Amino acid sequence: MTTETPRARRAAMFRLGTVVVAALAVVGIAVTGHASLPTDLQFADAGHWVYNTSSQSAVHVDGATGQVDAQAAVPGAEAGSPVAQGGRSGYVVDRTRITEFSKSTLGVESSKAPPAAEEPVVLEVAGGPYLVYRNAGQIARLGDPAATAPTGGPLSAPVTTSDGTVWVHRIDNGSICDLPRGATLLTCPAQLPQGHDASLSIVGDRPVVLDTTASVLRSVGANGLGEPADLGLSLPATAQVASDDVDGRLAVVDPDHGQLHLIDAAGLLQNRPVARPVSVPLEKGGHYVGPVATSHTVAVVDQARHEVRTYDSKGTLKSSKAVPDGGGEARLSLGQDHRIYVDNHDGSHMVVVDGGDGVAADVDVSAKTQPKPTPPSQPETTPSSQPPAPPGPPAQRDNPPPPVAKPTPPGAPRNVRATAGTGSATVMWSSAPGNGSRVVRYVVSWSGGSTTVDGGRSRVTVDGLTNGQSYSFSVAAENSAGRGAAASSRSVVPGGAAEAPKVTATVGSNGAVSVSWTTPDLHGADLDHYAVSASGQGDRSVSGTSTSFQGLSGTITFTVRAITSYGSGGQMTGSPGSARATLASGPPSVKITSVRSTNALIVTVNADPNGGAATCQASFMGATSPSKSCSGTTQLTISNVAWFGAITIKATIRNSAGSANDSWTGTPTTS
């Protein structure tokens, strides 16, 4: 008996949908030439659309063949505009308008203003497509019926489940909310502590939240958050998390340390033995976008080197393919056909990544598109009394110089982020597009103030903030045409959470483990308690700096975090400190294998600590050897003794689960 995964069901749905649509198309042509699909038929949209600047059109690429098979003229859209597709329509989305075109006639049908002047996240899912405007906190559904749902605040990256539900995380207050298919109002069933940095993902078609502040993974359900599971590594607030799992692992890019991590999320959530995280070093000096994951493949784009790399769930590099420079950053997206698409900025090239084997193929979009037709020039006329003037050079008559476009306000700065200090925060960003005019200044705003810096700057430190209060910073660029759209950072808390304590774990002879820790730097906050946990167990609250555990076995990680607050503000969870200890599964055993004499008695034993740490000791006539850690063949020395003839030696072994003895009688060998 086999179990079909949600992704397998979606893949089967895609294959079935493709066959059904093809069949319906044939029937429609035969009967009327205009037959439409039933309204209740749902299938996955095949291939991928990209906006090609040179032809001023939306171009469709068949991911299976790498061929351009459709082109819809949509003149005037900005370079780099994403294209979303639904069942019957496509949408070219730029900052000033959303242009809808028919996927059957390839003609423009309507145009409307977007709910916010920023580039949205495009979600192609059942009941959609959706556009998520993260800074403005708006979710626009372009499908039937079209609607816009406000979220009330800025958002982290959204995710979707196969039933068409959109999940978002409010970065200002920690709410985790869902917008079911067809709904216009969000519900928020879960809440993270205020000030925690987190990212959403989907594991086994279920939403999960990766809390980088607490270094834990938690499931999200109708009744709130599940129990926290320790990630086994620390991640920065800038970590980039894939929206879907790859073979049960979460792919996370750590841009601060140049690493790709693959975390056993399925094991953490199912409370089974967890595989160690796999960490893959990325090349130094890169600017990484992604990751994007399918069932078996992870893709990451290095914008600095214009290259896409693919890996499997074990971190093995599968392929590396150049992404031709299109005058801006490349964009990664996951198609409903189980492929990853990488578009360069001007839509001239696309890299298609197979979701199964990770093989990447380049598609030259511009070479396979038709240029936008230009109207023929009108012949010049002259008075009838004079002979016609000879035709001028073609370059002067047919190709006048293009008009110079007026500058527009700058685009939004990219990669806006903030790090908290004591009573301060440092805000950083990547430069904003000038849109025809040099950026002369950046305006940084927050609740309670704003500041202005020169257009050549990309960071500023804001002082005078209140420790323990959450702040989100927005950055907008200005040029000669005005101020552009702002982009916001995740919220940070000045003063911040406590540092990691130094933890010590000591195994006692009775099987108990004594765990103690130092008082960490609390950044001026008040200590509420310490949250202490052992592998596979929940947190316990401790007011002091030590506690003990019993009944454990195997290698256990003990984790301690300081829980603090500022005045009446919300609680903050500090960075984790940890220590490991190995405990025996049961009593040990020991066997004396030889005794020889030099100036002392040398007792050789074979010690079995039974999975834990053990000590051994030998004795003869009241004299004993020093206690010594032992495992396998171990020598014990009894000094300052005299003997004659046959003697009896006793050996003792102890571990956390008990003790055992062995005795030997005979005449020691001499050497």
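Please read these numbers as outputs of a predicted model, since none were measured by experiment.
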### Query
Going through the checks in order, is the side chain to side chain contact (heavy atoms under 4.5 Å, CB included) test met by R88 and S102?
CA-CA 6 Å; R88 296 173 176 81; S102 168; over 6 Å; no
Any donor-acceptor pair under 3.5 Å from Y442 side chain to A432 backbone: yes
So side-chain hydrogen bond (donor to acceptor under 3.5 Å, both in side chains) across residues 124-135, not counting sequence neighbours, yields none
Flag side-chain contact, heavy atom, 4.5 Å: I98 against V92: no
Sorted by chain and number, sequence neighbours left out, side-chain hydrogen bond (donor to acceptor under 3.5 Å, both in side chains) with D254 holds for H257
Worked verdict on D244 versus T294 for side chain to side chain contact (heavy atoms under 4.5 Å, CB included): CA-CA 7 Å; D244 291 88; T294 68; over 6 Å; no
Residues 276-297 vs salt bridge (charged side-chain N to carboxylate O under 4.0 Å, His left out), sequence neighbours excluded, gives E283-R305, E283-R309
ring-ring contact (aromatic ring centres under 6.0 Å, His included) pairs touching residues 57-105, sequence neighbours excluded, are W49-H60, W49-F101
| field | Intermediate values then yes/no, side-chain hydrogen bond (donor to acceptor under 3.5 Å, both in side chains), D211 and S215 | value | CA-CA 6 Å; D211 184 339; S215 297; over 6 Å; no
Nearest heavy-atom contact between D245 and G204 is OD1-N, 3.3 Å
Residues at least two apart in sequence or cross-chain that pass side-chain contact (heavy atoms from CB on, under 4.5 Å) with R490, listed by chain then number, are I171, D197, S199
D163 meets the side-chain hydrogen bond (donor to acceptor under 3.5 Å, both in side chains) criterion, sequence neighbours left out, with T161, T165
Minimal heavy-atom distance between A84 and V122, with the atoms involved, is CB-CG1, 3.5 Å
Scanning both residues in full, the closest heavy-atom pair of A412 with P433 reads O-CD, 3.8 Å
Please test S319 against T310 for side-chain hydrogen bond (donor to acceptor under 3.5 Å, both in side chains), starting from the C-alpha separation and ending with a verdict.
-> CA-CA 5 Å; S319 67; T310 65; 2.7 Å; yes
Could you check whether any side-chain N or O of K103 sits under 3.5 Å from a backbone N or O of A70, counting only pairs where one atom can act as donor and the other as acceptor? no
Applying side-chain hydrogen bond (donor to acceptor under 3.5 Å, both in side chains) to S320 and not counting sequence neighbours gives E307
A304 meets the side-chain contact (heavy atoms from CB on, under 4.5 Å) criterion, sequence neighbours left out, with H287, D302
Practice prompt. Quick one: do V351 and V363 satisfy side chain to side chain contact (heavy atoms under 4.5 Å, CB included)? Show the steps, please.
Written response: CA-CA 6 Å; V351 174; V363 178; over 6 Å; no
>> Go through it in stages, so that I can follow the logic: the residues are D205 and S162, the test is side-chain hydrogen bond (donor to acceptor under 3.5 Å, both in side chains), and I'd like the CA-CA distance, side-chain angles, deciding distance and then a yes or no.
In response: CA-CA 7 Å; D205 207 33; S162 61; 2.6 Å; yes
Residues pairing under salt bridge (charged side-chain N to carboxylate O under 4.0 Å, His left out) where one sits in residues 310-335, two or more places apart or in two chains, turn out to be E119-R331
- For S279 and Q259, what are the C-alpha separation, side-chain angles and deciding distance, and is it a side-chain hydrogen bond (donor to acceptor under 3.5 Å, both in side chains)? CA-CA 6 Å; S279 297; Q259 288 186 310; 4.8 Å; no
- Is it true that D337 and R339 have a side-chain N and a carboxylate O under 4.0 angstrom from each other? yes
Sorted by chain and residue number, the side-chain hydrogen bond (donor to acceptor under 3.5 Å, both in side chains) partners of D178 (sequence neighbours excluded) come out as T187
Note: V93 and P120 closest approach over all heavy atoms is CG1-CG, 3.8 Å
Rounded to the nearest 0.5 angstrom, the OG-CD distance for S89 and E109 is 5.0 Å
All heavy atoms of P291 vs all of V298, minimum pair found to be CB-CG1, 3.7 Å
Could you label the plane-to-plane angle of the Y341 and H48 rings as parallel, tilted or perpendicular, counting under 30° as parallel and over 60° as perpendicular?
-> parallel
| What do the steps show when you test S488 against V416 for side chain to side chain contact (heavy atoms under 4.5 Å, CB included), and what is the final call? | CA-CA 6 Å; S488 299; V416 178; 5.9 Å; no
Salt bridge (charged side-chain N to carboxylate O under 4.0 Å, His left out) pairs touching residues 342-361, sequence neighbours excluded, are none
Please set out all donor-acceptor pairs under 3.5 angstrom arising from side-chain atoms of residues 73-80, sequence neighbours excluded.
none

- Checking Q85 side chain against G47 main chain: does a donor-acceptor pair fall under 3.5 Å? yes
